[in-house]
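Being a predicted model, the structure only gives us computed values, none of them experimental.
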Amino acid sequence: MAGQRRTRIIAVLWAGSIIAASGPAIADDQSTNDADMSPRYELGHGLRLGNSGFTLGGYASVEYQDRKNEDPRFSLSNLSVFLWWEGASRWKFFSELDSEDTVATRYHLAAGERRYLALERFYFDYAFNDSLSLRAGKFLTPIGRWNLVHAAPLVWTTSRPLITQNLFPDNATGLLASGNFPLADRQIDYTLYTSLGDDPHRDPAQDPFSEAYGAHINVAVTENTQIGVSYTRFAQTAVREEHRQLLGLDYLWAYQGYELSAETAYVTSSKGGPRAEKGMFVQGVVPLYGNLYGVGRFEMFRSEDAPQAIRRWVLGVNYRTRQSTSFKLEYIHGIHDDYAAPAGILSSVSVLF
């Protein structure tokens with residue numbers, strides 16, 4: 001009975017998400033002469049809380065999995081709440097609470113599937129100018145591109161590339177400096193950060209940093225092309241005496257709906273070569289018709305304990321009714337991939353509030 005009840009709950013959530021994705025957004029382009037009227041709400045832009053400077057937003061994602069040798073699974077895979085503040089000063093504040101797998105028809109505990117509430121982000125920013133901004137608190141680890149925009153409505157696939165979830169923790173708690181400056185006729189964006197450890201209310205499936213020092217440089221090569229470089233030296237809580245170094249490259253080309261992106265990373269260990277890990281992915285996006293896009297990805301990942309590298313192909317479609325909502329359907333086929341992410345079909349509906 002409990003399983004049937006959970007299935008009905010997920011089905012209702014799934015249907016509601018589809019209706020939200022296909023319905024019209026509440027526009028805010030109508031002007032008003034009454035300054036005291038409440039600001040109009042637009043889906044994907046958050047709800048301004050009066051004149052306080054605070055905005056409330058978030059996203060939700062309902063997911064369906066039908067993987068090899070597993071029973072089908074429905075879940076409310078993400079329910080995240082954002083609260084941020086932007087006033088007239090140089091200060092800014094942002095926070096995110098993420099409830100993952102809040103409701104599901106089943107849980108595969110051995111694979112780390114369990115409900116939890118995590119503090120995903122909580123930080124303060126102070127902007128001196130365009131060249132320098134300082135951040136203190138808990139933030140997304142600035143390695144590559146995917147990890148910084150991995151919210152379900154903003155990425156092209158339901159599945160996440162293996163290298164973005166296995167090589168390093170998603171979050172860091174500490175200090176970050178960022179900015180941009182011109183070099184010759186190019187624009188250079190930089191990020192420098194350090195993690196002090198102590199990851200509050202973390203994802204229980206992750207091993208957080210005990211310390212980390214890193215940098216990410218992004219270069220706008222052309223109007224449509226960007227190349228980034230990541231470097232991080234870190235240790236993690238489970239094995240504090242082991243220090244690792246990560247070197248990564250990322251690439252993005254985007255033009256009139258077409259997109260080609262790639263990331264690669266290599267991690268070495270102070271304990272020697274056999275513990276090295278590496279991975280990469282290449283992903284292409286092609287507009288098909290209207291708001292329908294085709295997505296294809298090839299990825300490879302070699303963990304420190306695996307005798308062979310995982311190779312995985314992802315082929316799917318993404319229908320975006322607007323920038324804030326998407327419906328995704330994809331097929332995954334892998335070699336030596338039975339444990340990490342078995343082959344099968346994934347589908348999801350995501351809404352950015």
What pairs of donor and acceptor atoms, side-chain ones from residues 287-296 against any protein atom, are under 3.5 angstrom apart with sequence neighbours left out?
{"residue": "N291", "atom": "ND2", "partner": "R320", "partner atom": "O", "Å": "3.4"}

Can I get a per-line list of side-chain donor-acceptor pairs under 3.5 Å for residues 215-230, giving both atom names and the distance, sequence neighbours left out?
{"residue": "H216", "atom": "NE2", "partner": "D250", "partner atom": "OD2", "Å": "3.0"}
{"residue": "N218", "atom": "OD1", "partner": "R145", "partner atom": "NH2", "Å": "2.5"}
{"residue": "N218", "atom": "ND2", "partner": "Q226", "partner atom": "OE1", "Å": "2.8"}
{"residue": "T222", "atom": "OG1", "partner": "N224", "partner atom": "N", "Å": "3.2"}
{"residue": "T222", "atom": "OG1", "partner": "T225", "partner atom": "N", "Å": "3.1"}
{"residue": "T222", "atom": "OG1", "partner": "T225", "partner atom": "OG1", "Å": "3.2"}
{"residue": "S230", "atom": "OG", "partner": "G144", "partner atom": "N", "Å": "3.1"}

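F93 meets the ring-ring contact (aromatic ring centres under 6.0 Å, His included) test with F122, F124; sequence neighbours excluded. The side-chain contact (heavy atoms from CB on, under 4.5 Å) check on S324 picks up L43, R322, L352, with sequence neighbours excluded. Partners of S195 according to the side-chain contact (heavy atoms from CB on, under 4.5 Å) rule, which considers only residues two or more places apart in sequence or in another chain, are A172, F209, A212. Under the side-chain contact (heavy atoms from CB on, under 4.5 Å) criterion, N129 pairs with S131, L132, not counting sequence neighbours. In terms of the ring-ring contact (aromatic ring centres under 6.0 Å, His included) criterion, residue partners of W91 (sequence neighbours excluded) are, by chain and number, Y126.
Within the structure, the salt bridge (Lys or Arg N to Asp or Glu O under 4.0 Å) test picks out the following pairs touching residues 122-133 (sequence neighbours left out): D125-R135. Within the structure, the salt bridge (Lys or Arg N to Asp or Glu O under 4.0 Å) test picks out the following pairs touching residues 159-175 (sequence neighbours left out): R160-D170. Counting only residues at least two apart or on different chains, no ring-ring contact (aromatic ring centres under 6.0 Å, His included) pair has a member in residues 170-197. Among residues at least two apart or in separate chains, side-chain hydrogen bond (donor to acceptor under 3.5 Å, both in side chains) pairs with a member in residues 255-265 are W156-E259.
When atom types are taken as modelled, the side chain of S52 and the backbone of F54 share a donor-acceptor pair closer than 3.5 angstrom. In this structure, the side chain of K328 engages the main chain of A152 through a donor-acceptor pair within 3.5 Å. With hydrogens and angles disregarded, no donor-acceptor distance shorter than 3.5 Å links the side chain of R297 to the backbone of V282. In terms of modelled atom types and a separation under 3.5 Å, the side chain of E299 and the main chain of L162 share a donor-acceptor contact.
With E242 as the partner, the side-chain hydrogen bond (donor to acceptor under 3.5 Å, both in side chains) test is satisfied by one option alone out of S269, S270, S210: S269.
Aromatic ring pairs are classed by plane angle as parallel below 30°, tilted from 30° to 60° and perpendicular above 60°; the pair W146 and F281 is perpendicular.
Clustering of Ile, Leu, Val, Met, Phe, Trp and Tyr side chains at separations under 4.5 Å places L140 together with L148.
R244 and E277 are joined by a salt bridge, as a carboxylate oxygen and a charged side-chain nitrogen come within less than 4.0 angstrom of each other.
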